[in-house]
Amino acid sequence: QVQLVESGGGLVQPGGSLRLSCAASGRIFSISNVGWYRQGPGKERELVATITSGGRINYADFVKGRFTISRENVSKTVSLHMDSLKPEDTAVYFCNLHSTSNYDYWGRGTQVTVSS
């Protein structure tokens, strides 16, 4: 019913910027909460940022002031603008959609590597 495809990952130097995009399909996008999660090497998957169907945003403490999440319901996209990147931000970043029936859809992820 829902497909999510992330793009925009890559190699960036510390202090640099990167913009991730998630292209979604399905009729339930506009009424669903969506977000970005990440999983670093040897770590558990963790929440980065979420945005509800009504536009309410929540950020993890470690990205506040650096990352910005947004959504566009017409094109069914979720974006994550990342500034002042740190090596600790290195991870696979996943797009998530949480349906009103409490089912989580996931993309395959896009690799972000912050290194000099």
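Only this structure's heavy atoms are used, side chains among them; waters, hydrogens and symmetry mates stay out.
Proximity of Gln111 to Thr90: side-chain heavy atoms (C-beta onward) are separated by under 4.5 Å at one or more points. Between Trp106 and Cys95, the closest side-chain pair of non-hydrogen atoms is not below 4.5 Å. Residues Phe67 and Leu85 form a side-chain contact, since some pair of their non-hydrogen atoms from C-beta on lies under 4.5 Å apart. With a 4.5 Å cut-off on side-chain heavy atoms, Ile28 and Tyr105 count as touching. Counting heavy atoms from C-beta outward, Ser115 and Leu11 have side chains that approach closer than 4.5 Å. Residues Met82 and Asp89 have side chains not in contact (no heavy-atom distance under 4.5 Å, counting atoms from C-beta outward).
There is no path of hydrophobic side-chain contacts, each under 4.5 Å, that joins Val5 to Val92. In terms of hydrophobic clustering, with Ile, Leu, Val, Met, Phe, Trp and Tyr side chains grouped at heavy-atom distances under 4.5 Å, Leu80 and Val12 are assigned to a common cluster. Taking hydrophobic clusters as Ile, Leu, Val, Met, Phe, Trp and Tyr residues chained together by side-chain heavy-atom distances below 4.5 Å, Leu4 does not share a cluster with Leu47. Two different hydrophobic clusters hold Tyr37 and Tyr93 under the rule that ILVMFWY side chains link at heavy-atom gaps under 4.5 Å.
Side-chain atoms of Ser101 and Ser99 form a donor-acceptor pair, as typed in the model, at a separation below 3.5 Å. With 3.5 Å as the limit, one finds a donor-acceptor pair spanning the side chains of Arg71 and Asn73.
Of the inter-residue distances, the one linking Arg108 atom CZ with Thr110 atom OG1 reads 13.0 Å to the nearest 0.5 angstrom. Remark: Tyr59 OH to Lys64 NZ distance equals 10.5 Å, nearest 0.5 Å. Considering NE2 of His98 and CG of Asp104, their distance stands at 5.5 Å, rounded to 0.5 Å. The distance from atom CD of Gln39 to atom CZ of Phe94, rounded to the nearest 0.5 Å, is 6.0 Å.
A salt bridge links Arg38 with Glu46: the distance from a Lys NZ or Arg NE/NH1/NH2 to an Asp or Glu carboxylate oxygen falls below 4.0 Å.
For Phe62, the CZ atom sits in a packed shell: over 12 heavy atoms of surrounding residues, nucleotides or ligands are nearer than 6.0 Å.
Screening Ile69, Thr50, Thr68, Thr52 against Ile57 for a side-chain contact (heavy atoms from CB on, under 4.5 Å) leaves a single residue, Ile69.
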Identify every side-chain donor-acceptor pair in residues 18-27 under 3.5 Å, counting partners at least two apart or on other chains, and give the distances.
| unit_1 | atom_1 | unit_2 | atom_2 | d |
| --- | --- | --- | --- | --- |
| Ser25 | OG | Gln3 | N | 3.3 |

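Here the shortest heavy-atom pairing between Ser84 and Ser17 reads N-OG, 4.5 Å.
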Steps toward side chain to side chain contact (heavy atoms under 4.5 Å, CB included) verdict (Phe29, Val2): CA-CA 8 Å; Phe29 178 86; Val2 173; over 6 Å; no
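For Ser53 (side chain) and Ser30 (main-chain N/O), no donor-acceptor pair under 3.5 Å exists by modelled atom type.
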